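Keep in mind that what you see is a predicted model, and the values were worked out from it rather than measured. Each chain gets a letter, A, B and so on, in the order its sequence line appears, and its residues count up from 1.
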Amino acid sequence: MSAPIELKLHHTMDRPDSDNLLDRTAQGVISAPLDRPEGPLKVTGRATYADEDHPDGTVHGVLARASVARGWVVGMNTAEVRAMPGVLDVIRDPRLLRSPAQGQASRAPVQNPAEIFYVGQPVALVVAETLEQARHAALAIRPDYEAREPVATADGQPCETPPAKQATQGDLDAAMTAAAHRIDVTYTTPAMSHAAMEPHAAVASWDGDRLTVRSSNQMLKHNVAELADALGIRPGNVRILSQYVGGGFGGKLGISHEAVAAAIAARRLGRPVSVALHRRTVFEATMRRSETRQRVRLACDADGRLTGVGHEAWVSNLKGERFSEPVTQATPFTYAGENRVIGHHVARVNQTTAGSMRAPGEAVGVPVLECAMDELAEAAGIDPVELRIRNIPSEDPSTGKPFSSNRLEDCLRAGAEAFGWADRRLTGQRREGEWLIGMGMASAVRVNMLETSEATVILLADGTARVETDMTDIGTGSYAILTQIAAEALGLPMDRVTTVLGDSDLPPASGSGGSFGAASAGSAVMLAAQAIRTQLARRLGCDEAELTLKDGAAIAGNRMTPLTEVLAGDVLKGNGLIKPGKTEKTVRQATWGAQFAEVAVSALTGEVRLRRLAATFACGRILNEKTARSQCLGGMAFGIGSALTEEVMNDPRDGHFVNRDMAEYHIPANLDVPEMTVTFLPDRDPHANPMQAKGIGELACCGTAGAIMNAIHNATGIRVRDFPATVDKLLDRLP
Amino acid sequence: MRAFAYARAATPSDAIGADGRLIAGGTNLLDLMKLEIETPDRLIDVNHIGLDEIAPDGDGNGDGLRIGAMVRNADLAADDRVRRDWPLLSRALLAGASGQIRNRATTGGNLMQRTRCPYFYDLAAACNKRDPGTGCDALAGRNRNHAILGASDHCIATYPGDMAVALAALDAVVEIEGAAGTRRVPVAAFHRLPGDTPQRDTVLEPGELIRAVTLPAPTGGRQVYRKVRDRRSYAFALVSVAADVTVADGAITRAALALGGVAHRPWRDPDADALLVGRAPDGAAFAAVADAILRGARGHGDNDFKIPLARRTLIAALAEATGTDVRTAA
């Protein structure tokens with residue numbers, strides 16, 4: 001094979017896109033509801049996840065946990081445990097982690113497990129020949145503690161109030177006083193857990209100074225930097241492989257205990273080491289979403305026009321963690337109102353590290369804002385959909401910047417029509433036997449982001465192409481959409497494009513997170529393919545814009561030439577790089593939606609039965625209607641969990657995670673998830689990226705819980721202000 | 001998991017009096033062993049001893065049913081006779097666990113299911129059931145799924161299963177064989193209250209084997225299983241109610257109620273059930289029996305709501321069993 005001829009196409013989003021390549025290509029695979037290319041591998045068990053690929057001689061490490069919430073480990077029965085059957089090593093290395101890395105940290109998280117910050121914090125790694133031996137030995141670890149009184153819960157604790165996270169505009173107090181209608185309510189949402197299907201796992205092996213870790217991670221370029229920093233080695237000596245990831249939801253953004261522990265152990269033992277976290281360890285020692293307390297104040301005039309919006313949040317995290325749940329992220333721009341207050345307060349507690357979980361901020365902030373809007377609609381006697389439409393601002397009311405696109409009204413109108421919102425009755429007016437029936441709705445809003453991402457596309461002499469980037473597919477459909485983008489741009493059938501992901505030796509992508517993965521990694525792939533288009537055009541003596549590529553042939557100037565002929569034995573390589581630029585600052589970018597729910601609530605027991613859920617979204621170009629829809633269905637199921645079933649329970653004495661298994665931490669089961677419909681409005685956002693596509697997966701869980709809570713109120717007249725709406729919250733107020 | 005010895009029993013008599021813990025479906029015991037909450041030195045596998053038949057039972061007419069201890073939950077729930085004559089049992093079984101677990105779990109093993117108290121499951125916590133004499137961290141801890149009836153200061157754990165709640169309402173009997181012979185214990189008396197020995201869940205003695213569960217002939221009543229939980233499947237009951245109620249000529253002639261999720265055993269109160277006899281099925285009658293059953297109920301904080309929930313679930317189940325339109329349980 002001759003050396004590839006490479007062209008780079010690097011693009012910074014300083015201006016809105018005017019080329020709109022994917023609307024002028026001809027292959028017709030973009031947006032199509034195509035199956036995932038790797039689907040058959042996954043459903044037949046042939047897709048190898050992190051802990052399914054053990055090099056010869058792999059041994060097993062299990063983390064031993066702290067059973068106190070705060071203090072120091074001053075001794076440990078390591079000699080005794082080392083003597084147990086099969087045990088190879090007991091490792092208490094100061095490089096072991098206290099907490100996993102936060103998303104995009106790119107440096108080591110807090111290390112040294114000798115100081116204890118929460119119950120369940122790993123204190124040592126026990127390595128043995130078999131998993132069973134290692135588990136048994138890890139349970140036999142008995143640390144000696146110098147314990148301190150923990151801060152078990154955030155209740156009543158003093159808070160940090162970071163100045164940069166507070167904002168005031170106008171005079172909200174005066175607006176509240178002068179308002180025709182006002183709402184001043186406090187809601188709470190519980191801590192939640194990502195509960196991805198695949199528990200965190202890492203298999204580490206060394207070849208000289210070069211470390212390879214098979215892991216379950218979302219953002220490989222950051223993960224390499226984090227792991228290298230944690231170990232004190234050069235990033236160039238670290239390779240991470242995450243070809244398949246069984247769900248992340250933010251819980252695998254940064255490196256976690258298992259990767260560091262496995263790497264240290266493998267180095268010491270000179271053998272590959274697997275550290276697969278027990279489900280309990282995933283719950284108590286990786287990440288959680290913070291619990292929140294939220295005060296919302298809304299003031300409006302007699303016509304329902306907002307004059308004031310206040311949203312203050314109280315969250316928690318460990319001492320020293322910079323992340324705090326950005327609860328009010330969408331509040332500054334969702335609705336109009338000239339008098340505004342945003343507040344943010346953080347309590348320091350001895351609990352599992354709080355970090356990003358699907359739609360950090362909006363997932364809990366939007367539902368509460370939307371419940372408050374429902375309360376205001378009721379107070380003002382205005383239909384909830386109408387109240388929202390009346391308050392859609394013409395520009396970002398907090399900054400004065402224009403929206404790149406604001407489709408909220410379109411979503412509300414289309415969604416209401418599709419759902420049959422007109423049939424909604426006033427509160428408590430519909431009953432079927434034992435069941436009280438109600439409808440509720442909420443807007444869905446989520447910020448839209450773009451991250452730096454690089455990809456290479458190689459067009460081989462035989463007319464097939466390969467996409468290479470270290471992007472991950474965490475179940476979202478990255479393999480499908482990146483293949484589609486390259487196939488569309490190069491005019492190739494899907495089966496002539498192979499996409500290789502999840503290897504940190506490949507060009508660094510954005511990684512999966514913040515719903516920016518598809519837009520960022522996808523744009524890089526599109527640019528790389530466009531670089532190849534440019535090369536092909538040169539060979540054909542035409543402009544790239546005059547070139548049509550379809551079914552493996554190039555059409556230019558009324559002449560069709562097979563690609564193999566154009567290539568004439570050459571290999572063309574395109575390197576694409578996308579970077580966020582001025583459009584990130586000059587306009588307010590967001591994705592929009594409207595969610596509608598119908599519930600039945602037992603008048604006798606308070607059981608809530610969600611009957612149907614319908615959502616309409618506008619989030620730019622849809623890259624694959626099937627995987628996009630699946631993302632939304634999953635996001636909506638996530639929202640059902642936060643409305644009805646999910647809650648981390650912490651012990652009031654030491655803050656430990658009590659319900660740390662899948663039987664007791666209640667993600668929704670199939671029966672909790674009713675018929676759901678998803679509608680995408682045709683949409684393009686030229687400010688977002690050259691594909692004019694936007695984030696999807698997180699938007700779908702923003703608002704869902706609000707719609708469900710509002711439906712419960714419409715059915716029963718009961719406002720549940722403490723999520724989730726389990727029976728105990730309804731019992732004493734049932735009719 | 002600790003290393004253990006394993007032996008396979010070929011016949012019931014191999015299992016009776018054997019030195020070791022019996023393992024059938026293993027759906028609970030294996031989990032507990034992995035967590036080292038249970039640490040048996042020796043397991044006796046009873047999966048090959050037979051006892052897996054469902055057969056007619058009863059003196060003379062054979063209107064009852066004899067369920068072998070090794071009949072899997074999934075098979076029992078799907079049995080035509082069970083579905084026709086004891087639908088309560090089928091529904092309770094299907095309300096529990098998941099399809100995969102029901103395929104493995106057995107009738108005898110399910111009766112031996114241990115509590116889901118999170119402190120029982122936490123080796124770092126004080127738990128008199130797991131480690132007698134250490135105390136009970138659930139008393140002042142998170143006790144949402146704990147007992148409101150029949151608890152003690154030593155233990156407020158609940159029996160978590162569904163099948164036994166239905167069996168208790170249906171007056172089923174456990175047939176137990178030991179070295180001294182066979183004895184028959186009503187399901188309602190098979191599980192113990194915790195008292196000061198919460199480490200003992202049931203009256204089964206070491207060396208004994210559950211051979212079967214027998215059901216008396218169906219009563220002709222309408223059978224209902226109402227399970228209230230934090231999600232709609234794969235969750236343990238906050239409160240469940242098994243009801244078998246007969247109405248004739250506008251009056252209740254017989255009622256048998258059992259509650260799950262509220263005590264260390266399926267909770268039966270025949271004296272309270274009797275309050276329904278002779279009364280017209282209406283909200284007032286249902287409330288009266290619910291109040292009687294819950295007379296001694298006591299909450300421990302998180303689970304206080306279970307008292308009104310149990311009352312309301314009883315009323316809902318009775319309304320459903322009698323076809324009564326009850327508008328409110330306030």
Is chain B contacted by the side chain of A:L644, its backbone, both, or neither, given a heavy-atom distance below 4.5 Å? backbone
Check whether B:A97 gets within reach of chain A through its side chain, its backbone, both or neither, counting any heavy atom under 4.5 Å. neither
Working note: B:Y159 + B:T115, criterion side-chain hydrogen bond (donor to acceptor under 3.5 Å, both in side chains); need CA distance, chi angles, decisive distance, verdict. CA-CA 5 Å; B:Y159 167 73; B:T115 186; over 6 Å; no
Residue-level contacts of residues 664-676 of chain A with chain B, using a heavy-atom cutoff under 4.5 Å: A:E664, A:Y665, A:H666, A:I667, A:A669, A:L671, A:D672
Please determine whether the number of non-hydrogen atoms from other residues, nucleotides or ligands lying under 6.0 Å from atom CZ of B:R298 exceeds 12. no
Most heavy-atom pairs under 4.5 angstrom with chain B, which of A:V658, A:T645, A:T605, A:V68? A:T605
Measuring heavy-atom distances to chain A, does B:V239 have an atom under 4.5 Å in its side chain, in its backbone, in both, or in neither? neither
B:N145 versus chain A, the contacting section by heavy-atom distance below 4.5 Å: side chain
Non-hydrogen contacts under 4.5 angstrom with chain A: give the residues of residues 30-43 of chain B involved, or none if there are none. B:K34, B:L35, B:E36
Which value, rounded to the nearest 0.5 Å, describes the distance between A:L63 atom CG and A:H278 atom NE2? 12.0 Å
At a 4.5 Å cut-off on heavy atoms, which part of B:Y121 comes close to chain A: side chain, backbone, both, or neither? both
Under 4.0 Å between a side-chain nitrogen and a carboxylate oxygen: does that hold for B:K129 and B:D201? yes
Against chain A, work out which of B:P118, B:G141, B:A329 has the most heavy-atom pairs shorter than 4.5 Å and name it. B:G141
Given a strict heavy-atom distance threshold of 4.5 Å, which part of A:D661 is in contact with chain B: side chain, backbone, both, or neither? side chain
A:E647, A:R135, A:E646, A:E607: which one forms the most heavy-atom pairs within less than 4.5 Å of chain B? A:E607
Identify whether the distance between the nearest side-chain nitrogen and carboxylate oxygen of B:D122 and B:R130 falls below 4.0 Å. no
Report the option among A:R431, A:E434, A:E132, A:M649 that has the most heavy-atom pairs separated by less than 4.5 Å from atoms of chain B. A:R431
Give the member of A:L139, A:L604, A:L734 that has the highest number of heavy-atom pairs under 4.5 Å with chain B. A:L604
Contacting region of B:R226 [heavy-atom separation from chain A under 4.5 Å]: side chain
For B:A330 and B:R312, work out which heavy atoms get closest and say how close. CA-NH2, 3.7 Å
Counting only heavy atoms closer than 4.5 Å, note whether B:R311 contacts chain A via side chain, backbone, both or neither. neither
